[in-house]
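Naming convention: chains lettered A, B, ... in sequence-line order (proteins, then strands); numbering from 1 in each chain. The figures that follow rest on heavy atoms only: side chains count, while hydrogens, waters and symmetry mates do not.
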2 protein chains.
Amino acid sequence: MALTREQVVDTAVAILRDFGLADLSMRRLARELDVQVGALYWHVKNKQELLVDVAARLLGGIPASGAGPAAGRPAPREEGGTTPERAAVVHLALRIRAALVPVPDSAEVVQLAQTLQPAALEPLTRLRELLEAAGVPPRHSGWAQHLLLNHILGSVAAHQDRATLDAVDAIGGPELGEDAFRWGLDAALDGMLAPSR
Amino acid sequence: MALTREQVVDTAVAILRDFGLADLSMRRLARELDVQVGALYWHVKNKQELLVDVAARLLGGIPASGAGPAAGRPAPREEGGTTPERAAVVHLALRIRAALVPVPDSAEVVQLAQTLQPAALEPLTRLRELLEAAGVPPRHSGWAQHLLLNHILGSVAAHQDRATLDAVDAIGGPELGEDAFRWGLDAALDGMLAPSR
DNA sequence: ACCTGAACACCGTTCAAGT
DNA sequence: ACCTGAACACCGTTCAAGT
């Protein structure tokens with residue numbers, strides 16, 4: 001039976017997950033699927049388009065989660081210094097990070113997809129909506145979204161590079177695990193949600 | 001006369017600046033220098049090492065600037081809500097961004113260099129020192145440095161991708177210029193320098 | 001509609017051999 | 001010490017031709 005685009009994307013994700021981006025070539029992909037390279041180009045325009053699909057699949061498993069749309073009215077401050085809307089942002093950010101951390105070079109792939117087709121990555125647009133619900137004014141929510149996304153992707157990349165470098169050479173630098181991520185996330189949110197802004 | 005490592009790095013920077021990372025191949029570099037490819041490998045271990053040197057040169061032009069070492073004692077709060085130490089951080093971040101923005105794909109190159117040889121990029125270690133001087137506790141300054149660096153590199157990359165995509169296709173998304181950068185920088189610093197942290 | 005075979009124009013890296 | 005020539009093992013993309 002005929003090859004499908006889904007098979008192509010599935011296999012691409014599998015190669016990325018198991019061997020990293022350097023091994024995710026069109027030729028390797030074709031070999032894995034037992035077809036000639038040219039066959040792939042009937043299902044996919046080019047490699048970039050394929051990587052956008054890969055990124056979408058990586059983030060596709062993230063559920064909509066609770067914390068529904070309470071946009072419009074300003075977020076109420078709670079006694080603990082946080083709000084449910086802010087907690088929803090934190091929760092989504094952690095989910096995105098958790099989805100990417102186990103997949104090598106996923107940060108690079110997501111960044112490419114984000115610049116090529118921002119609308120294709122639903123969880124990232126949701127992040128922006130949640131930021132607005134948490135109190136970031138709409139004229140700044142795009143900036144806020146980018147700040148958080150850079151933090152997430154930077155954290156994922158550093159974490160993975162750390163892991164591979166440790167296995168090879170063992171050089172310096174701070175740990176940059178989930179603790180560092182939460183610290184930066186909280187700091188950024190504190191700043192972005194400050195009453196002055 | 002003989003080729004030098006400086007010539008190799010200089011020419012690599014020139015290619016990056018004029019044509020981008022996709023055109024910066026060892027073969028193209030050799031052609032530009034009128035030598036065979038193999039000759040490059042006498043002066044440079046491999047392409048990654050070369051790119052570390054390229055990144056160092058891109059950031060090398062940034063002067064030490066004022067705001068000397070006032071580390072140790074806590075930063076005094078001023079009436080304007082800012083301190084000279086904080087201003088020094090902002091100033092350096094803007095200098096780094098300004099140095100990278102005109103060079104295509106420079107964010108990618110710097111990120112690679114930063115993970116490969118963090119100590120090779122002096123302005124980035126200085127950024128960490130300035131953050132400590134501004135009040136970030138040493139156990140968090142590595143995290144803070146990474147948060148700011150991700151913001152800088154993300155801003156540079158988005159700005160450049162924007163420019164190239166606009167020339168081709170014209171798709172959506174926020175502007176993400178220097179205004180966005182300063183907004184995120186101020187927000188992040190507000191959070192990181194908050195008394196609670 | 002879907003795929004093969006083969007080509008085009010590239011890569012990074014190595015290394016014997018030359019000067 | 002410094003470089004050439006040539007090879008090895010790859011790339012992404014295109015496209016006539018087959019079924």
Side-chain angles (χ1 to χ4, degrees), chain A residues 1-55 104-105 108-109 111-113 115-117 161 164-165 168-169, chain B residues 1-55 104-105 108-109 111-113 115-117 161 164-165 168-169:
Chain A
M1 91 195 207
L3 193 64
T4 67
R5 186 185 238 261
E6 281 70 42
Q7 277 179 69
V8 175
V9 177
D10 279 346
T11 308
V13 170
I15 294 176
L16 186 68
R17 169 163 276 137
D18 296 343
F19 304 99
L21 193 57
D23 281 39
L24 178 44
S25 69
M26 298 301 278
R27 300 178 112 99
R28 167 75 180 267
L29 190 51
R31 211 185 313 139
E32 216 92 10
L33 288 163
D34 272 309
V35 292
Q36 300 293 320
V37 222
L40 300 178
Y41 288 84
W42 198 93
H43 297 276
V44 143
K45 186 169 168 277
N46 52 35
K47 192 179 179 179
Q48 293 209 344
E49 192 193 88
L50 172 64
L51 289 179
V52 171
D53 271 36
V54 168
D105 305 315
E108 214 169 318
V109 175
Q111 190 166 28
L112 182 85
T115 69
L116 249 46
Q117 291 188 44
D161 293 342
T164 55
L165 282 180
V168 178
D169 222 21
Chain B
M1 93 203 204
L3 193 63
T4 67
R5 187 185 236 262
E6 281 69 42
Q7 277 178 70
V8 174
V9 177
D10 280 346
T11 309
V13 169
I15 295 176
L16 186 68
R17 170 163 276 134
D18 296 342
F19 304 100
L21 193 57
D23 281 39
L24 178 44
S25 69
M26 298 302 277
R27 300 179 111 99
R28 167 76 180 266
L29 189 51
R31 212 184 312 140
E32 217 91 12
L33 288 163
D34 272 308
V35 292
Q36 300 293 320
V37 222
L40 299 178
Y41 287 85
W42 198 92
H43 297 276
V44 144
K45 187 168 167 277
N46 53 34
K47 192 179 179 180
Q48 294 209 344
E49 193 193 86
L50 172 63
L51 289 180
V52 172
D53 271 36
V54 168
D105 305 315
E108 214 169 318
V109 175
Q111 190 165 29
L112 182 85
T115 69
L116 249 46
Q117 292 188 44
D161 294 342
T164 54
L165 283 181
V168 178
D169 222 19

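- In secondary-structure terms, DNA chain D builds stems of at least 3 consecutive Watson-Crick or G-U pairs, each pair having both distances under 3.5 Å, at C:4-8 with D:12-16, C:12-16 with D:4-8.
- With rounding to whole Å, B:L21 atom CG is found 14 Å from C:dG12 atom C1'.
- Annotation for A:L3 and A:Q7: closest pair CD1-OE1, 3.6 Å, computed over non-hydrogen atoms.
- Counting all heavy atoms, side chain and backbone alike, B:V8 lies closest to B:H43 at CG2-CB, 4.4 Å.
- In this structure, B:M26 atom CE and D:dC8 atom P are separated by 21 Å, rounded to whole Å.
- Across every non-hydrogen atom of B:A12 and B:V54, the tightest pair is CB-CG2, 3.8 Å.
- Here D:dC2 is the nucleotide among D:dC2, D:dT13, C:dG12 with the atom lying nearest to any side-chain atom of B:A2.
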(request) Check the pair B:L29, B:L50 against side-chain contact (heavy atoms from CB on, under 4.5 Å), reporting the backbone distance first and the verdict last. (result) CA-CA 11 Å; B:L29 189 51; B:L50 172 63; 3.5 Å; yes
(request) Please assess A:Q48 against A:L51 for the test side-chain contact (heavy atoms from CB on, under 4.5 Å), listing each intermediate value before the final yes or no. (result) CA-CA 5 Å; A:Q48 293 209 344; A:L51 289 179; 5.7 Å; no
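- Considering only side-chain atoms of A:N46, the nucleotide from C:dC3, D:dT13, D:dC2 that sits closest is D:dT13.
- Nucleotide D:dC2 holds its P atom 12 Å from the CD atom of B:Q7, rounded to whole Å.
- Residues of residues 34-44 of chain B having a heavy atom closer than 4.0 Å to DNA chain D, listed by number: B:V35, B:Q36, B:G38, B:A39, B:W42, B:H43.
- Here the separation of C:dA9 from D:dA9, taken at their P atoms, is 23 Å to the nearest Å.
- Of all heavy-atom pairs spanning A:A55 and A:A113, the tightest one is CB-CB, 3.5 Å.
- Atom CG in A:L24 sits roughly 15 Å away from atom C1' in D:dC10 (whole-Å rounding).
- Between the C1' atom of C:dC11 and the CZ atom of A:R27 lies a distance of 11 Å, rounded to the nearest Å.
- For the pair B:I15 and B:D23, the tightest heavy-atom approach, listed with the atom from each and the gap, is CG2-O, 3.7 Å.
- Taking atom CG on B:L3 and atom P on C:dT19, their separation rounds to 20 Å, with Å as the unit.
- In this entry the distance linking CG of A:D23 with P of C:dC11 reads 21 Å, nearest Å.
- Among A:K47, A:R5, A:M26, the single residue meeting the side chain to side chain contact (heavy atoms under 4.5 Å, CB included) criterion with A:L40 is A:M26.
- When the P atom of C:dC11 is taken as reference, atom NZ of B:K47 falls 9 Å away, rounded to whole Å.
- Residue-environment remark: CZ (B:R28) exceeds the threshold of 12 foreign heavy atoms within 6.0 Å.
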